[in-house]
Amino acid sequence: MSSEKQRGIVPRKVKGFRDIDPNLNQLKRKIIESASKVYQSYGFEHWDTPVLEYADCLGKYMPDEDTVDKGVYSFNNPEEDPVFAGDGSELRDANNNVIMENAYLSLRYDLTAPLARLYSEQLWKNFLNNQVVEGKTPILRRYQYGPVYRYEIKLAPGRFREFWQLDFDSVGTNDIASDAEVAMILSDALEAIGLKRDTYRVKINNRKLLKGFLSSLGVETEDQEQAILRVVDKMDKIGLQGVEQELGAGRQDKKSGAYVNGLNVDSNLQTGIVGFLDRFSQGIGSRKEVLSQLNIDNPLAQEGLKELQQMDSILETLGFDESRVIFEPTLIRGMAYYTGPVFEVESLQTFKDHKGATRKVGSICGGGRYDGLVKQLLGMSVPATGASIGVDRLAELLIQTKQVPAQAEGPIFIGYLDDDLMIDYQKIAGELRNKGANVEIYYGPRKGFRGLKKQLSYADKKNCPVAILLGGDEAAKGVVTVRNLKLGKELASTITDKKEWKERVQSEVNKDDLIGYVLGILND
RNA sequence: CCUGCCGUAGCUCAGUUGGUUAGAGCGCCUGACUGUGGAUCAGGAGGCCAUAGGUUCGAAUCCCAUCGGCAGGACCA
């Protein structure tokens, strides 16, 4: 027994999860506040929903297996819930007792599925009473931000299992103008956050165009359509030739050596798709030029084209030209539930990683129209459109491309030199706080007076602008020593003589003038 | 999940064809410096070389397995 190792506890994080330091939090807050303001300016209201939902309400069914559905964190609710019938009544057994079971719960994997639940739940009772009419459902325009959770098996850099999204959605409208609006909002929000014009592109495509195009080439089933779109979506990664091979017999991946099975579609279809991709894959100029080349002989595709034309005229009227919003007919976006326009924002900026290799962050926003999402919850289709900003990705972009504000300014620092003066420290701090300042009194260990070095070092690391030093000497003279740390930091590079440097940044202030003096430094 | 590369101090990395006591920079701690953040100088702590086996007189170095990281691929509500 004693020779065996005992089970112990090591402090550690769950893989794919992380701690957020004050600097990153500051950046995230800035992103969220800037975008939220833009969302509000378009009439969106702020909702929050729980991070935990019933799995079936998120569209995740786990009927007979107790395994976690791929990609989603799920577990059994320890508490038993009643089981419902389709009409909302509680299921009962032969003795008329309510049937109870442990339902599956899931952590939300995006903010859209909870929105569908929120919207459906609000309408549910009325729906049962036949008071909800398809096509006349109410409008809900909400924005929401918060963490979402995905069980990613492979964790790429910048990919986490907990990450923040910043969504806005219009539910209840099928007006194509609300789709044009999505593109405008994304553009406005990103610029409010601080991205420069021409460093990003809002890309638009229309699922109807692709569906119609594939249908015109003879694609019948939804399954085949999805399979093809999945391959085409890999264009970035495997190139046009790779797509061609995967549509056909398959392909041998050069780097990994793995053989990837192909779809074996017929050659007409294959050449048709490849031709389409080839035509549009590299920059194709203006939106109008793109539209002029999209004459596909299929009613659905024509409908999609018309929608894009309408979007274009709105965007053009409002000055959202190709420096902000473009059409990209090859854009897919993975999600199967998109039914109309789809959106993606790509950052055009690159950065050097620590090995010196050039990298790009790529996609920072995504969205689209999803007219079928609430159907399985509410039993009727409700049109909806919206998009999401990937907060962590965007933060990473701003950091890597060095567009971040400097380190957050710390609080005013009050050194702790004398136990007998604690009351005075508290009084000074209180007065400054009443004036709106942030103030911290040092409570750390101090070996008599010697700890002052440590205290100032601490203040320096927290980026404190001012240090207030009040010890026995000052108290006897009725003064307070004030040190301008902010100035000291600036002068450090030019002044090497310690004494001179000290004299420049520090002065004794009359006790009564302290508050005004300190606030004066802050406002510099 | 598949394939390849890699695991040496808190961090970033050296470490010769297998050969004495495993190094540097940064950071940390102490001092020069009176009660004073930067800079400079002097000193100090910190390692089962990822873990467990094997080959060998001898392993950080070679082989195997496990765990972890990176790159690519498969999958992705």
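Residue numbers start from 1 in every chain, and the chains themselves are labelled A, B, ... in the order their sequence lines are given, proteins ahead of strands.
Stem analysis of RNA chain B (Watson-Crick or G-U pairs, both distances under 3.5 Å, runs of at least three) returns B:1-7 with B:67-73, B:10-13 with B:23-26, B:28-32 with B:40-44.
More than 12 heavy atoms of other residues, nucleotides or ligands sit less than 6.0 Å from atom NZ of K28(A).
Contact check for V260(A) versus I238(A): no side-chain heavy atoms found under the 4.5 Å cut-off. Counting heavy atoms from C-beta on, the side chains of L432(A) and I515(A) come closer than 4.5 Å. Residues I204(A) and E328(A) have side chains not in contact (no heavy-atom distance under 4.5 Å, counting atoms from C-beta outward).
The pair D392(A)-R18(A) counts as a salt bridge, with a side-chain nitrogen and a carboxylate oxygen less than 4.0 angstrom apart. For R251(A) and E244(A), the salt-bridge test fails: no basic side-chain N is under 4.0 Å from an acidic carboxylate O.
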Start with the C-alpha distance between Y73(A) and Y149(A), add both sets of side-chain angles, then the distance that settles ring-ring contact (aromatic ring centres under 6.0 Å, His included), and finish with yes or no.
CA-CA 7 Å; Y73(A) 283 104; Y149(A) 302 85; 7.1 Å; no
For F213(A) and F276(A), what are the C-alpha separation, side-chain angles and deciding distance, and is it a ring-ring contact (aromatic ring centres under 6.0 Å, His included)?
CA-CA 9 Å; F213(A) 175 65; F276(A) 181 86; 4.5 Å; yes
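Using a 4.0 Å heavy-atom criterion, one finds that D473(A) contacts the bases of the nucleic acid, with or without backbone contacts as well. Backbone-only engagement by R230(A) is indicated by non-hydrogen atom pairs under 4.0 Å involving sugar-phosphate atoms exclusively. Among the atoms of the strands shown, none is found under 4.0 Å from any heavy atom of K462(A). Across all strands shown, R251(A) has heavy atoms under 4.0 Å from sugar-phosphate atoms exclusively, and none from any base. Note on L491(A): nothing from the nucleic acid sits closer than 4.0 angstrom, heavy atoms only. Counting non-hydrogen atoms under 4.0 angstrom, E246(A) reaches the backbone sugars and phosphates but no base.
Between F413(A) and Y458(A), the ring-plane angle classifies as tilted under the 30° and 60° cut-offs.
Nearest nucleotide to the K499(A) side chain, out of rA74(B), rG37(B), rU34(B): rU34(B). For K453(A), the side-chain atoms get nearest to rC33(B) when compared with the rest of rG35(B), rG73(B), rC33(B). Checked against rG37(B), rA74(B), rG69(B), the side chain of K15(A) finds its nearest nucleotide in rG69(B). Of the candidates rG68(B), rG38(B), rU36(B), rG38(B) carries the atom nearest the W501(A) side chain, counting heavy atoms from C-beta on.
Nucleotides rA50(B) and rA60(B) have their C1' atoms positioned 12 Å apart, rounded to a whole Å. Comparing the C1' positions of rU55(B) and rC63(B) gives an interatomic distance of 7 Å, to the nearest angstrom. Using atom C1' as the reference point in both rC5(B) and rA9(B), the two lie 24 Å apart (nearest Å). A distance of about 13 Å separates the P atoms of rG15(B) and rC6(B), rounded to the whole Å. Separating the C1' atom of rU12(B) from that of rC57(B) is a span of 37 Å, rounded to the nearest Å. rU66(B) and rC1(B) have their P atoms separated by 11 Å, with the value rounded to a whole Å. rU30(B) and rG69(B) have their P atoms separated by 35 Å, given to the nearest Å. rG19(B) and rU61(B) have their P atoms separated by 11 Å, given to the nearest Å.
Summarising the geometry, the separation between CG on L373(A) and P on rA77(B) is reported as 13 Å, rounded to the nearest angstrom. Counting to the nearest Å, the P atom of rC76(B) and the CZ atom of R150(A) are 14 Å from each other. Whole-Å rounding puts the K454(A) NZ to rG27(B) P distance at 16 Å. Per the geometry, CG belonging to D233(A) stands 11 Å off P belonging to rC75(B), to the nearest Å.
Of the residues near RNA chain B, L485(A) and L58(A), the one whose nearest nucleotide (by heavy atom distance) lies more toward the 5' end is L485(A).
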For residues 224-237 of chain A, run the donor-acceptor check on the side chains, cut-off 3.5 Å, and write out each pair with its distance to 0.1 Å, sequence neighbours left out.
from    : atom 1 : to      : atom 2 : distance (Å)
E225(A) : OE2    : K211(A) : NZ     : 3.1
K234(A) : NZ     : E246(A) : OE1    : 3.1
K234(A) : NZ     : E246(A) : OE2    : 3.1

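The residue from Y143(A), W47(A), Y370(A), Y119(A) that alone fulfils the side chain to side chain donor-acceptor pair (under 3.5 Å) condition with D169(A) is Y370(A).
Regarding contacts with the backbone of rG37(B), a side-chain N or O of K498(A) is found under 4.0 angstrom from either OP1 or OP2. At rC28(B), one or more side-chain N or O atoms of K461(A) fall inside 4.0 Å of OP1 or OP2 (strictly under the cut-off). OP1 and OP2 of rG37(B) both lie 4.0 Å or more from every side-chain N or O belonging to K486(A). The shortest distance between the side-chain N/O atoms of K502(A) and the OP1/OP2 oxygens of rC33(B) is not below 4.0 Å.
You won't find any donor-acceptor pair under 3.5 Å spanning the side chain of Q252(A) and the base of rG73(B), going by distance alone.
Heavy atoms only, all atoms of each residue included: I412(A) and A437(A) are closest at CD1-CB, 3.7 Å.
The stretch residues 509-521 of chain A has no heavy atom under 4.0 Å from RNA chain B, so no residue of it qualifies as close.
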